[in-house]
Amino acid sequence: DMTWDEVKQKGSRHYKTGRVEPIDLLKHTKPDASLTALDIKALTDCIKYAYRMLTTGVNFSDCDKIIHYIEMIRVCLQEKTTINVRTLDA
């Protein structure tokens, strides 16, 4: 059997630095039961791009990616809210 660190060493170059990576944080996070797969994907990608900017510097490309994922989450939340309100009105 392999350890977590051994598995990471087989991955991409950025996992081989020995530093804590977003994947380490996510490994120990239990998402709220209300989150959809899209919510989880969008939120974890926001973490990934924000963390990357800590080491590479703030840039428009990563900021735009974060904004895009947040917009997806907002649209899904708005749709859920609209559906819940319609259900209550029925």
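These numbers come from a predicted model, not from an experiment.
- Residue Thr44 holds its OG1 atom at 10.0 Å from CG of Leu25, rounded to the nearest 0.5 Å.
- Two residues are said to be in side-chain contact when any heavy atoms from C-beta on lie closer than 4.5 Å; Trp4 and Ile23 meet this criterion.
- Expressed to the nearest 0.5 Å, how far CD1 of Ile66 lies from CG of Leu43 amounts to 11.5 Å.
- Residues Leu38 and Leu35 are members of one and the same hydrophobic cluster, defined by side-chain heavy-atom contacts under 4.5 angstrom among Ile, Leu, Val, Met, Phe, Trp and Tyr.
- A donor and an acceptor atom, one from each side chain of Ser34 and Asp32, are located under 3.5 Å apart.
- Criterion: ILVMFWY side-chain heavy atoms under 4.5 Å apart, direct or through other members. Under it, Ile40 and Tyr49 are part of a common hydrophobic cluster.
- Follow the hydrophobic side-chain contacts under 4.5 Å out from Ile47 and you never reach Val58; the two are in separate clusters.
- Within the 4.5 Å cutoff, the side chain of Lys8 has no heavy atoms near those of the Lys27 side chain.
- With no hydrogens or angles considered, a side-chain donor-acceptor pair links Thr36 and Asp39 at under 3.5 Å.
- Residues Tyr51 and Met53 are members of separate hydrophobic clusters, defined by side-chain heavy-atom contacts under 4.5 angstrom among Ile, Leu, Val, Met, Phe, Trp and Tyr.
- Salt-bridge check for Asp45 with Lys48: passed, with a basic side-chain N closer than 4.0 Å to an acidic carboxylate O.
- The closest side-chain heavy-atom distance from Lys10 to Val7 is not below 4.5 Å.
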